Each structure stands twice: as structure tokens, then as C-alpha cells.
Protein chains: 2
Amino acid sequence: MADGPGNPATSESLLFLTDEQLRKGIEAMFFAYRGFTADPDRILEELGYGRAHHRAVHFIHRSPGTTVNNLLSILGVTKQSLNRVLRTLIEDGLVESRVGRQDRRERHLHLTEAGTQLERRLSDAQRDRMRHAFRQAGPEAVIGFRAVLEAMMDPELRHHYTALKEGN
Amino acid sequence: MADGPGNPATSESLLFLTDEQLRKGIEAMFFAYRGFTADPDRILEELGYGRAHHRAVHFIHRSPGTTVNNLLSILGVTKQSLNRVLRTLIEDGLVESRVGRQDRRERHLHLTEAGTQLERRLSDAQRDRMRHAFRQAGPEAVIGFRAVLEAMMDPELRHHYTALKEGN
DNA sequence: TTGGAAAGTCAACAAGGCTGACGTATTGTC
DNA sequence: GACAATACGTCAGCCTTGTTGACTTTCCAA
């Protein structure tokens, strides 16, 4: 089995690592992310919210009772930045901030009924697109999709992704 | 072949469409995109640029001589927004704007030598991460990754992704 | 030739990042 | 009991990057 530069098998097996393939992957991320956020963005706009509000609502829904500090480490923004968003959500009655029972310095965040409804509306829209893409591409592709994305994350942030119930 | 709710084959084959699977997909996109932009962001920051500059440089490199209008349709922002970015890039000598020969209203955009160098530096960083993720996940996964992302794009924007030399 | 459309530029504003400084309540430690 | 550390909130001010509105230059078609 010669392995020269002209060997078709060799070039084929490495084809997915050529600069052109990598560029395609980069642009795929760019354009897909646009689609990924497009539907929620439309809903948010009519309510006067932005993506920052969506992120907060999403992760409060995922981890009810989470603290401000925990949310900060997930979102990777400053507390001043998060606070601005959180304040409007609390004022608008979408999020409730409860003083911690063990540690009264902490604030535990929960979605109100209205907050839960908005979360549902946003995630329904986003899931619809994700479901369509998954169905279109098939189960095998979904495995690959997840594998590549997981490998693309910063290692020190990956635990936020896998921290929940493992195996799902 | 009964198809009851307890049938393992059925639930397994549809497992990738459960709400929990979709939520994982959504968060995978969120965290992966953060990693995807992290390396270029660091380079851009030390130069006083942002992601908007990166996007402009990337697509001018991909399509030398492209017009401002064409760039607008790819990037999906207003021309005023793009213009601000473009102006600084031109002032800094990274991009050259040439008046169109047929239509003198048009401006054809090219990277200068310095612009090409910056593009190289940015895309090297981003390709390194993409390459690592591709290698980690394997060729089969890359196929799936691309299939899912392509299905996630807005149909009317997808042509920007596949418009180049097909089959690469 | 003139009026509309198209390409691009300038001005001003808003969202949402950031840093820095500071205040307050609470907790834990010496 | 004093004191440092922690969790959170807030004010001020900056930057990037999105927006709309008003404008010029250029082209083309009636």
C-alpha cells in the first residue's frame, strides 16, 4: 500500500481537513447561526427585548432557582451587563428573584407564569427549526453535528453543556 | 412488528427528536459558537476591531472585487452599518475600494497586502479550532455537521453558502 | 432632458457588551 | 466582636455594531 502524494485513498480520507473544507465549515457556522437565532429574534423584537433577554430566560428555565453568579459563569458576561437585562425582566414580571434560604446574600431566579409562557414561545420557535434540521439531516447526522460542536467548545465551558442529566 | 409506546426500536429511532434532544442541540449551538468566535475575537481585540470587521474581511477575501451591495446581502446588515466598518478598514489600509468600471456608482472591494495578512491570521486561528474539532469528531461526523447546519439556514440565504465552487 | 432608482456616505440614536468604583447585606473567620 | 470576603446591585462612562433619516452621485429610461 503505497502512500504517495497522488494516492486517491489518502487524499480522500483527508479531504475533510483541507483549507477549503474548513472554510466551508466556518461559513456553515456563520450562516446556520443566523438561521438559528432568526425566529426568536423576530418574537423578541416585537416585545422590545434582545438576545440577551432570551439567553437569560432560557437558562433560568433550564435551571430554576439558579443564582446570579451561576448565570454569569454560564453566559460569560459581566454582572453589570446581565443586571441590566435581569432588571427589566423582573420589572416586567417575567422573572422572580428570591432571597436565598441558606445564604441570604444569594438571589435565586425563577420564571413567573408569564416568563414561562415567553420561554415556551421562544423555544418552540427555535425547536421547530432545530427539529426540521434534524429531521432533514437524519439521526446519523445529528450524532455528527453534536460531536463536532462539542469538540469546538472551549474546554472550560464545556461542562455547562454536559452538566445536566448526562446521556440525554 | 408492534409499534407500541414501549417499543425500544421506535423510541430509539425518534430519540433525536425529543424536546430534550432539541434543547441539547440548541445549547450545543450556543456554546460552540462562543468557541468558534473566541480565537479571532482575541486577535481582533488587540487591534481594536470587532467581529463586524472580521466578517467583512472574510467575505472580501472570499470574493475579491465584490461590491458593497453584494456584501450587504451576504452579511444581512444595513449599508450604513457596514459602511462604518468598511471606512475604518479602508482608512487603516486593509481594504481598497475601487470605483466600478461599467457602473461608476459601484465600489469594488479588495484586500490590500496588509488586509490579506490579517485575514490569514484570523482564518488560521479559526481553522485551527475547526480542524481540531473535525479531527476529533471524524469524517463521518463532519458530513453530519454540515448536513444539519445547512438544513438550519434560512432557505433564501443558503445560496450564499453554496454559491462558490460546488463540490468542495 | 429630466425624474426616478440605485449605490454609497454622513449623522444621530439605541442595545448591549465592557471597565471601574462604590454601597449594602450577609457570611465566615480570627 | 472585629474584619475580610462574598453576593449582589448600581452609577458613570466607554465601545462596537445594529438601526433610521437625510443626502450626493451616478445611471437609466420615459
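Naming: A, B, ... by sequence-line order, numbering from 1 per chain. Since we're looking at a predicted model, the values are computed, not measured. Only this structure's heavy atoms are used, side chains among them; waters, hydrogens and symmetry mates stay out.
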Take atom [atom1] of [X] and atom [atom2] of [N], then tell me their distance rounded to the nearest Å.
X: A:L82; N: C:dG16; atom1: CG; atom2: P; value: 12 Å
X: A:L71; N: D:dC8; atom1: CG; atom2: C1'; value: 13 Å
X: A:R98; N: D:dC8; atom1: CZ; atom2: C1'; value: 18 Å
X: B:R55; N: D:dT17; atom1: CZ; atom2: P; value: 7 Å
X: B:R105; N: C:dA5; atom1: CZ; atom2: C1'; value: 7 Å
X: B:R84; N: C:dC13; atom1: CZ; atom2: P; value: 14 Å
X: A:D103; N: D:dA7; atom1: CG; atom2: P; value: 7 Å
X: B:R51; N: D:dG18; atom1: CZ; atom2: C1'; value: 14 Å

Which one, [options], comes nearest to the side chain of [X]?
X: A:N69; options: C:dT19, D:dA7, D:dT17; answer: D:dA7
X: A:S81; options: C:dC18, C:dG8, C:dT26; answer: C:dC18
X: B:E106; options: C:dG8, D:dG18, D:dT10; answer: C:dG8

Does [X] reach a base, just sugar-phosphate, or nothing at all? Heavy atoms under 4.0 Å.
X: A:G76; value: sugar-phosphate
X: B:G48; value: sugar-phosphate
X: A:R87; value: sugar-phosphate
X: A:H108; value: nothing
X: A:E45; value: nothing

Is the base of C:dG8 touched by the side chain of B:Q80 through a donor-acceptor pair closer than 3.5 angstrom? no
Whether the side chain of A:R107 and the base of D:dG9 hold a donor-acceptor pair under 3.5 Å is what I'd like checked. no
Hphob cluster co-occupancy, B:L94 + B:I43, side-chain heavy atoms under 4.5 angstrom: yes
Tell me the ring pair (Phe, Tyr, Trp, His ring centres under 6.0 Å) pairs involving residues 70-111 of chain B, sequence neighbours left out? none
Residues B:H58 and A:E27: side-chain donor-acceptor under 3.5 angstrom: yes
B:H61 atom NE2: more than 12 heavy-atom contacts under 6.0 Å: no
Taking the nucleotide of DNA chain C with the nearest heavy atom to each, does A:Q102 or A:K79 sit closer to the 5' end? A:K79
Aromatic contact, B:F134 with B:F145 (centres under 6.0 Å): yes
